Each structure stands twice: as C-alpha cells, then as structure tokens.
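All remarks here apply to the structure that follows.
Proteins get letters first, then strands, A, B, ... in listed order; numbering begins at 1 in each. Everything quoted here is computed from the prediction, not taken from an experiment. The figures that follow rest on heavy atoms only: side chains count, while hydrogens, waters and symmetry mates do not.
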Protein chains: 2
Amino acid sequence: MGRKAHFHNSDFLDAAIQIIAEGGPGALTIAALAVRIHAPVGSVYHRFPSRDALLAEVWLGIIESFQDDFIRKLEEDGLAATLACLHWVRQHPAEARILLLHRMQDLTTGRWPPELQKRARRLEKDLHEAVIAFIKREFGKVTPENTDRAIFALYDAPLGIIRRYLSNSQVPPATVADLLRETYNAVMPKAKSR
Amino acid sequence: MGRKAHFHNSDFLDAAIQIIAEGGPGALTIAALAVRIHAPVGSVYHRFPSRDALLAEVWLGIIESFQDDFIRKLEEDGLAATLACLHWVRQHPAEARILLLHRMQDLTTGRWPPELQKRARRLEKDLHEAVIAFIKREFGKVTPENTDRAIFALYDAPLGIIRRYLSNSQVPPATVADLLRETYNAVMPKAKSR
DNA sequence: GCAGTATTGGAGCAATCGCTCTAAGATGTC
DNA sequence: GACATCTTAGAGCGATTGCTCCAATACTGC
C-alpha cells in the first residue's frame, strides 16, 4: 500500500498554528513550516493543495474548537457561554491569538476549496441558530437591538478584554471573570438569568 | 529652489489608509500605492525611506487622531471618553478599520526610524498618564484590578463591539451607546460618575 | 524478488515585491 | 541662458515566496 507516512496532517496544522501565533500570518511560509517539523516542502503540498487551503483548515479547526465549547454552554446558560470564552482562551493560547488577533480575510487570499466552504457555512449556521434560540429564550423575541445586546454580552465584551491580554502575550487572569459577570448582568434582562 | 512638488506627503498617507482599510496590510504594495495616486514609485521613496517607515507614519497618525479625542474627554469624564471611541470611529471609518482590525506588529516588520520611535513613546506616555490620573480620580488608588476595570469600561468594551461592525464593513449604529453606558455604569464605581 | 503505490526529498521555476539608480523635467537665482 | 536644486519618472535588480516536478525511498501484496 505504499510507503508509510512519516508525518500526519495534524503535524502540519499544529506547526502552522504555532508559527502564526508566534510571528503572525506573514511568518507562515511553506519553507518555515517545512523546516519546523523537518519535512520537505513536497510533503506539504502532498497533503494540502495550497497555502490558502492549509490556512483555511487551520482557521476552521480553531473556529470549530471554540464554537463547540461556546454553543454547548450557550444552550444551557448565557453567562456560562460568556465565561466559556475566557476558559477556552486560557486552554488554547496559540489558537486564541490567531482567532482574536487576526481575521480570516487577512490569512487567506484566494478562494476556498468547496469542501471547506461547506464546513464554514455549517459552522456559521450552527452559531447563528444557537444564538437566535438563546435570544428568543432570554428576550422573548428577536429584534436588532436584542441581538446586539446578546452578542455584546456573550461575545464582544469577553473577546474585547481578552484581546488586550493576548496582544501583550499574556493569558487573561481569572479576575476578568468578575468584569464579564457584571457586564452580563447589567446588559441582559434580569428575569431568567440565574 | 527646484521643481515644484506635484504630490504631498499626505497624498501618500491618505491613499495608504484607504488601501489598507479596503484590502488589509497585504494590499499596500508600493506599486499599488503609486498607481492609486498616479505617482511613480520613485516619488514614494523620495518622501519615505521605506515601506515600514510609511506604515509607521500611517499608524502613528491614526493613533494620534484617536488618542487626541480620547484623552481630552477622559480628562473630564470617563463615560464621555467611552462614547468618544464610538464617535471617533463613526467619523473616521477607514482609520478605525486599521486601528481595530490590525496590529502594528503585523503592519511593520523592521525597526522604526528613531524620530518615529520617539513619537510613539510620547503617545504611550500621554495615554498612560491620562489613564492613571483617571483611575486615581475614580477609584482613589491604582491597583491591577482597578486598572483592568477602567480599561475595560473605557476601551475594551467599546472597541470590542465596534470591531464586529467594522469587520462586516458597517459603521456601528447609535444604539451601541446605550450598551456602553450600561456597561460603564455597571463596572465603574457609582459615586463620582455623573 | 518484483511490481505497484504512497510518500519523502529537494532542486528550481515563475511571479511578486521592496527598493535602487539614473535620466529627464520643472522651478528659482544670478 | 547657465547653473543648481528639487522632484518626477520608471526601468530593472536582488531577494523572497508559493508551487511544480521528478527522482529516490519504503512499504504491501504476490
């Protein structure tokens, strides 16, 4: 069945995450990636059709990891989802740097392979549905103002403060949770939370 | 005294801001910049020693513009400074995209010219002093927790929600101010605000 | 051992980019 | 008009990068 593989796809993806987290998207050259895991550039292109496709997989993997935690908590409790952001960042510092400090558009330049586009749409849909269900549960009905309010409490506020720490190459301290809790309670309706 | 200049430094800086706001830092090539204002590449290097130096000037100009408004308001009132973020973004959408969607480290790769380093240190010092003065005024004394609390209310929360709009190429609506006010009041001590 | 195949290994190509360099054009001074 | 000076003008160089291509290698089934 042919030669046994010396590397795995995840070796390349993990190394790519580390390189981007350390030096930004510009640092991720194919040569740098290959050197990092002592692989030839041919092996990179044996697994990934292009640098863009590799970066797309990196990005999707990160989103999946984050969103998985986030949505699961969100189905139970909004505040828990807010704090899940903090928890995920502390558990995945390199991935968090990429997710919070860069945008997908600045990583990949070309079009994505169809299969990855499908995965991306799936993730978007999952998140959207979970958020809409949450808003209905907490506010009764979905309006632009309610949506903004919820996304701010769940997402913008935690990621906003966490971003500052990551930008300074620090992990956000546990005390950040207090600020997020106070913000959540101030902005979300009182009735159902807790 | 020699040939009359056809272009001004600000022509190049303004065009650079537009290009980065539209296409990210990667879109700002010297050729693209030159084409944009129908100038030869030689004229770019006649004014700026390098691409990095040009980007550094772009970045510093944006920071100066933002910080000028922010500090002036902060000296009077914290909530006003929070809302000043929102106001500045609505007035300077292209600059805001650069400031909020990218990091200085990802724009420039090399070392800055000494004169620009000096300006950058000056800006940092001004901001730091204004924030420290504000914290003393509002909390009585400066602790890590108080500092975090103040920066969250003044800076992380507004920029966090604004970032989402800019990322979708939208200008944040006025209703965002309500959320920021509620957050500010929830997180900052009650006594002095207002 | 031999054929077939999956993978490694890396030289090198084509394109792009930052930047240099030299010539030409325009303006002021005498 | 001669000269000095500042600026435009853009051809092209060196370096880097994504990617291709082909040979070598190691494994499986017979």
Side-chain angles (χ1 to χ4, degrees), chain A residues 1-20 22-59 102 104-113 116, chain B residues 1-20 22-59 102 104-113 116:
Chain A
M1 269 276 266
R3 181 171 175 174
K4 211 194 309 187
H6 192 179
F7 308 102
H8 301 88
N9 279 25
S10 61
D11 293 334
F12 293 91
L13 294 173
D14 291 346
I17 288 172
Q18 292 304 322
I19 290 172
I20 300 170
E22 289 167 16
L28 183 75
T29 64
I30 305 299
L33 177 61
V35 164
R36 181 93 167 204
I37 57 178
H38 305 105
V41 296
S43 289
V44 178
Y45 287 96
H46 185 67
R47 290 152 210 285
F48 304 95
S50 68
R51 179 179 181 273
D52 272 3
L54 184 146
L55 276 164
E57 286 221 36
V58 165
W59 187 261
H102 305 286
M104 191 195 66
Q105 294 97 313
D106 298 327
L107 298 182
T108 64
T109 56
R111 291 264 166 260
W112 285 21
L116 295 183
Chain B
M1 268 279 263
R3 180 172 176 173
K4 210 194 313 188
H6 192 179
F7 307 102
H8 301 89
N9 279 25
S10 60
D11 294 334
F12 293 92
L13 293 173
D14 291 346
I17 288 172
Q18 293 304 321
I19 290 172
I20 301 171
E22 288 167 16
L28 183 74
T29 64
I30 305 300
L33 177 61
V35 165
R36 181 94 167 202
I37 57 179
H38 306 105
V41 297
S43 289
V44 178
Y45 287 97
H46 185 68
R47 290 152 209 286
F48 303 94
S50 69
R51 180 179 181 272
D52 272 3
L54 184 146
L55 276 165
E57 286 221 36
V58 165
W59 186 261
H102 305 285
M104 191 194 67
Q105 294 97 312
D106 298 326
L107 298 182
T108 63
T109 56
R111 292 266 166 258
W112 286 20
L116 296 183

For this session: Applying side chain to side chain contact (heavy atoms under 4.5 Å, CB included), run through Ile20(B) and Leu55(B) and close with a yes or a no.
Result: CA-CA 10 Å; Ile20(B) 301 171; Leu55(B) 276 165; 3.5 Å; yes
Seminar exercise, completed: note: His8(B), atom NE2; dT7(D), atom C1'; distance rounded to Å ~ 12 Å
Problem set entry | Value in whole Å for how far the P atom of dT17(D) lies from CG of Leu55(A) | 14 Å
Problem set entry | Closest-nucleotide 5' rank along DNA chain C - winner of Ile30(B) and Ala5(A) | Ala5(A)
Exercise. Under 4.0 Å between a side-chain N/O of His6(B) and OP1 or OP2 of dT7(D), yes or no?
Worked result: no
Problem set entry | Carboxylate-amine/guanidinium contact Glu57(A) Arg47(A), below 4.0 Å | no
For this session: Scan Leu28(A) against the nucleic acid and name what it touches under 4.0 Å (heavy atoms): base, sugar-phosphate only, or nothing.
Result: sugar-phosphate
Exercise. Please give, in whole Å, the distance from dC6(D) C1' to Phe7(B) CZ?
Worked result: 14 Å
Exercise. Whole-Å distance between dG9(C) C1' and Phe12(A) CZ?
Worked result: 12 Å
Exercise. Got a donor-acceptor contact below 3.5 angstrom from the Asp52(B) side chain to the Thr109(B) backbone?
Worked result: yes
Exercise. dT16(C) C1' sits how many Å from Leu33(B) CG, rounded?
Worked result: 17 Å
Problem set entry | Minimum-distance nucleotide (side-chain atoms of Tyr45(B) versus dG18(D), dG18(C), dA9(D)) | dG18(C)
Exercise. How many Å lie between CG on Asp11(B) and C1' on dT8(D), as a whole number?
Worked result: 14 Å
Problem set entry | Pair Met104(A)-Trp112(A), side chain to side chain contact (heavy atoms under 4.5 Å, CB included): steps then yes or no | CA-CA 11 Å; Met104(A) 191 195 66; Trp112(A) 285 21; 3.3 Å; yes
Problem set entry | Rounded distance (Å) that lies between atom P of dA4(D) and atom NZ of Lys4(B) | 24 Å
For this session: Could you check Gly2(B) against Ser43(B) and say which one's nearest nucleotide on DNA chain D is further toward the 5' end?
Result: Gly2(B)
Exercise. Can you tell me how far P of dT5(C) sits from NE2 of His46(A), to the nearest Å?
Worked result: 14 Å
For this session: Map Arg3(B) and Val41(B) onto DNA chain D by nearest heavy atom, then report which one ends up closer to the 5' terminus.
Result: Arg3(B)
Exercise. Which one, dT7(C), dG10(C), dC19(C), comes nearest to the side chain of Arg47(A)?
Worked result: dT7(C)
Exercise. Should Trp59(A) and Leu107(A) be marked as a side chain to side chain contact (heavy atoms under 4.5 Å, CB included) after you check the CA-CA gap, both sets of side-chain angles, and the distance that decides it?
Worked result: CA-CA 9 Å; Trp59(A) 187 261; Leu107(A) 298 182; 3.3 Å; yes
